[in-house]
Amino acid sequence: MLIAVDGLTRTYDLGEAKVHALRGVDLAVEAGEYLAIMGPSGSGKSTLMHILGCLDTPSTGRYVLGGEEVSSLTGRELAKVRNRRIGFVFQNFNLLPRIDLVANVALPLVYHGSVSKAERLGRAAKQLEELGLGHRLKHRPNELSGGERQRAAIARALINEPSILLADEPTGNLDSKTGREIMDILDGLSAAGKTVCLVTHDANVAEHAGRTVHMQDGAIAREDFS
Amino acid sequence: MNLLESVVSGLASIWSHKLRSSLTLVGIVVGVASVIAMFSFVGGIVTRVREDFEQIGFDNTFFVSNMDPMNPEGRASLKASKGLMLHEMDILETEVPEIRGITPVVAHYGVLRGGSEALHGEVFGITPDGFILFELNLGPGRYISDLDVENHARVCVLGELIKNDLFGEGADAIGRHVLIGDVSFEVVGVLAMKEFSQMFGNSGQEQEHRRIYTPTTTMTHYIAGTKRIDTFAVKLYEGADITQAYDHIHETLIREHRGIEDFQIENVAEQLAQAEVQMEQMSAQWNMILGSIATVSLLVGGIGLLSVLIISVNERLREIGIRKAVGAEDRAIFQQFIIESVTISTVGGLIGVALGAGLCKLITFGAQAAGQDMVIPVSGMGVALGLGFAIIVGFLFGLYPAAKASRLDPIEAISRYA
């Protein structure tokens, strides 16, 4: 079991009102699974994704990642988990605008510790080449198309060889043709044995996954297997 | 990320906001430049004055001169004492153990003739010790000798300037004659001027070199007509007890003058020491005034830096969020912003150093253009202090923004941008 989530809740305290984004989620993900989380906006799917990505912490409940309970880790330990065990792909790419693609992709290695600059840039360049961006190494993000930016973001997510790749609406900002290219990459990664988990509200995207979790009002409503 | 990379990234961040960064830098630049200019300027002046004092060279020197008593009884008693007399030189020399050298000085002002020139000038009767005491350097010829003094020899040594006035520049005066009043003196030596104080000018030396020096005895015998002398210049041994020497001289002379205090003893060294203390106090005051100016402008620079960094953190929320999302610990973000802050302030400090050094050069140049050969060397202390303060300011005022950045929640930071 790669991911075991048990009774997860997340409550945002907005002063007067309390918003219950998650109301008790149980979820298990096996290594090598290809999972899609679907649901309308406000269903809590992004919150769940952030908690799975260790970008947010649950209010109550347990989250075990690769045998380690991460729901009780300190901020510093969570940073380490984000850095080494999770690759996160955002809807709007979130590349740093002032540095070139190689530097962007190498960024997680910067915070990894003992990796020399030459090795960082070498590995980043190799990763970009594998994703077909070998000709864009020295370009800045704003010189690239949306599809290219998302491929660079995927390269960054993969650079530390994480045990799981999390993608939050990875095709949400792309046209359908480019979106299909990105899904081809995710399909390929899954086929190669990578655990992939994505959030989408697009049924066509969810179809790529072997298993779809439907969320509603902060809880899992049902699961489909294809 | 290692330190070098962080500094490079800090520099890149400064470069990408040129206007904003340069506005921030102004305060720090001015602060550091004023620290350096202040230390250099005050230090330069103090050094110069001290050098001048040393060049004057009257340490361990007393001047004993005639003084008319102020009160009527004293004036009435003048008949009982004739003032300082030539023979008192030997008495002082034997009775005051602190005395290393003594010269009786008799001054005369009158018409001097030599070559084809005639002019008014000053003549000093002195003894061989006098040349050492007044630090008069010999050019061609010889000094006045003890034998000359003993024999009332009509010989003289000319100051360099008066020699030029009488015989012309470049002319050889040795063996020629000078008329002081009606008495003819043979020139046996000519003095050579030394490099002298720039601050006090050459006035002191100019006077010395417009004089003619003859043996005191010759002066009293041929010209003054009395054995009363004007001044005893007394040099003490190195490390002698000044107060004791003063008391000994005073005692001896009072006895010789039958209890009448018709002389005064001046301690040049003490006067110089007092002047030096005053100088130090003045420079301390200057340091304080300029120091507070520098502190204020560094503080202003620091506050400017603080606001720029806060703006910068707010502008870069997404960047901070992204860095955290890919695994940057709080510490790494904190470090990044602190290094950026210190980098900005250090760059400001370095520009300030350049400006401060330029200011010193400018003052030196200006002084030289005005005919003053004054050099303001850049104070190493000022540079170290200025740069040190700049770095401290960068660190202190970077703490809050860096802490703020490091504590941001990654998701909030990323989403607040969109």
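Source: prediction; values computed, not measured.
- The greatest number of non-hydrogen atom pairs below 4.5 Å with chain B, out of A:R98, A:K117, A:E77, A:R84, is found for A:R98.
- At least one side-chain heavy atom of A:K194 sits less than 4.5 Å from a side-chain heavy atom of A:L158.
- Heavy-atom contacts from other residues, nucleotides or ligands closer than 6.0 Å to NE2 of A:H20 number more than 12.
- Using a 4.5 Å cut-off between heavy atoms, A:I159 makes no contact with chain B at all.
- Residue contact with chain B, scored on non-hydrogen atoms closer than 4.5 Å, involves the side chain of A:R156 exclusively.
- Within the 4.5 angstrom heavy-atom criterion, no atom of B:R316 approaches chain A.
- A side chain to side chain donor-acceptor pair (under 3.5 Å) with A:Q91 holds for exactly one of A:D168, A:T200, A:N173; it is A:N173.
- Under 3.5 Å, the side chains of A:T9 and A:T60 contain a donor-acceptor pair of N or O atoms.
- Environment of NZ in A:K18: sparse, with no more than 12 heavy atoms of neighbouring residues, nucleotides or ligands closer than 6.0 Å.
- If you tally non-hydrogen atom pairs under 4.5 Å between each of A:L78, A:L109, A:L96 and chain B, the highest count goes to A:L96.
- Counting heavy-atom pairs closer than 4.5 Å to chain B, the top residue among A:V115, A:N94, A:L55 is A:N94.
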